[in-house]
Amino acid sequence: MQQREEKQLEASTESLISRVAHLKNSLHSFIFKLENEYERLTWPSVLDNFALLSGQLNTINKLLRNEKTPSFRNQVIIPLLLSPDRDEELAKLTEQRVPVFSHEIVPDHLRTKPDPEVEELEKQLSVEAARIGPDAAQKQIQTLNKLCSNLLEKLNNPRDDRETESAAVRQNKQSFNPADTTALVAAVGFGKGLAKCRPPGPVAPGQPGQGPMMTGGPTLQQVTIAGSSGQQAAIGGPVPSQQPGQPGKMQSNIKTNIKSASMQHPYR
């Protein structure tokens, strides 16, 4: 009976070692891709690697939970020989990771409990958890469950729905300022808010205070006199003589046309 159990334990150990070796190779291959082929690595390929690792871990868990697999928790490992000298066979079995089996290495490799620092941190977390009352803990649990539910709902929504919502948000978002648009139209159409000044330039003799007009705008160099036959009077120049019999009509027409032309120009 004991011999049968030993054979069963040996077969289970070999199967477990084989599964772990496959998992180790998959991890090594995935890490190599992440470090050397990250420029060509695509997200579907990453998901495939994660799926492979997850499947291998599930296989190991099924093997450990199998009824025919003996419980490894009941097996105790006791170091029979500790030596500070290098052990070539041990180094070969561990791929040069454990070259010696000394008093310094044994507590780390044969530990069945967490490190003292981890145990202390776990105790602190247990004390903090005990301080929280049942009502506060229940509220925190409900809040966390609500956040997780909302996150899962967003992740489970189809991509098309998310793209449609994003497009709707972009369309409804205002891309201009109405106040700025109104001010720009008023400045262009009516000269509102523009500085009432002339650019520096030479002043013509006999015309004090009159410099060159702004480039690109309408000029008031000549004004057509209504009622005259093709005659024009230049601003600042001599006014043609009035026709006999019309002493006040000519002067009135000149003033009216000059005033009308000044109102049409937004910069005077």
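Starting from 1, each residue takes its place in the sequence as its number. Keep in mind that the numbers below use all heavy atoms, side chains included, and drop hydrogens, waters and symmetry copies.
Atom CD of E10 and atom CD of E5 lie 14.0 Å apart (nearest 0.5 Å). For the atom pair CG (L41) and CG (L34), the distance works out to 6.0 Å, reported to the nearest 0.5 Å. Once rounded to the nearest 0.5 Å, the distance linking CD of E153 with SG of C148 reads 13.0 Å. Put simply, CD on E119 and CD on E122 are 7.5 Å apart, with the number rounded to the nearest 0.5 Å. The CG atom of L125 sits 10.5 Å away from the CD atom of E120 when rounded to the nearest 0.5 Å. Summarising the geometry, atom CG belonging to N145 is positioned 6.0 Å from atom OG belonging to S149; distances are rounded to the nearest 0.5 Å.
In Q8, the CD atom is crowded: over 12 heavy atoms of neighbouring residues, nucleotides or ligands sit closer than 6.0 Å. With a 6.0 Å radius and a threshold of 12 heavy atoms from other residues, nucleotides or ligands, I77 has its CD1 atom at or below the threshold. Counting heavy atoms of neighbouring residues, nucleotides and ligands inside a 6.0 Å radius, atom CZ of R111 exceeds 12 of them. Residue E89 places its CD atom among 12 or fewer non-hydrogen atoms of other residues, nucleotides or ligands, all under 6.0 Å distant. Atom CZ of F50 sits in a sparse spot, with 12 or fewer heavy atoms from other residues, nucleotides or ligands closer than 6.0 Å. Summarising the local packing, CD of Q124 is surrounded by more than 12 heavy atoms from other residues, nucleotides or ligands at distances under 6.0 Å.
E37 places a side-chain heavy atom less than 4.5 Å from the side chain of F32. A 4.5 Å side-chain heavy-atom check between L110 and F101 finds at least one atom pair inside the cut-off. Using a 4.5 Å heavy-atom cutoff, the side chains of L52 and Q56 are in contact. V188 is listed as a side-chain neighbour of L184, based on a closest heavy-atom distance under 4.5 Å. L47 is not listed as a side-chain neighbour of P44, based on a closest heavy-atom distance of 4.5 Å or more. Here the side chains of S15 and L63 are in contact, with some heavy-atom distance below 4.5 Å. Looking at heavy atoms from C-beta onward, L9 lies in side-chain contact with F72 at the 4.5 angstrom threshold. In this structure, T181 and P178 have side chains that are not in contact, with every pair of non-hydrogen atoms separated by 4.5 Å or more.
There is no path of hydrophobic side-chain contacts, each under 4.5 Å, that joins V20 to L90. Criterion: ILVMFWY side-chain heavy atoms under 4.5 Å apart, direct or through other members. Under it, L53 and W43 are part of a common hydrophobic cluster. Cluster annotation: V100 is not connected to L93 through the hydrophobic network of ILVMFWY side chains, with a link wherever side-chain heavy atoms come within less than 4.5 Å. A chain of hydrophobic side-chain contacts below 4.5 Å, direct or via other Ile, Leu, Val, Met, Phe, Trp or Tyr residues, connects I105 to L82. Cluster membership for I132 and L121, using ILVMFWY side-chain heavy atoms within less than 4.5 angstrom, is not shared.
Of all heavy-atom pairs spanning L194 and A187, the tightest one is CD1-O, 3.8 Å. When all heavy atoms of S102 and P84 are compared, the closest pair comes out as CB-CA, 4.2 Å. Minimum heavy-atom separation, A91 to P99: CB-CA, 4.0 Å.
A distance-only check finds a donor-acceptor pair linking the side chain of T143 to the backbone of K139 [under 3.5 Å]. Using modelled atom types, no side-chain atom of S29 and backbone atom of N25 make a donor-acceptor pair closer than 3.5 Å. Using a distance-only test at 3.5 Å, with no hydrogens or angles considered, no donor-acceptor pair links the side chain of D115 to the main chain of E117.
Ion pairing between a basic and an acidic side chain is recognised when a charged N comes within 4.0 Å of a carboxylate O; E88 and R86 show such pairing. The residues E95 and K24 are annotated as salt-bridged, a charged nitrogen and a carboxylate oxygen being separated by less than 4.0 angstrom.
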Practice task
May I have the step-by-step check of side chain to side chain contact (heavy atoms under 4.5 Å, CB included) for S54 and L57, ending in yes or no?
Solution key: CA-CA 5 Å; S54 178; L57 289 173; 5.8 Å; no
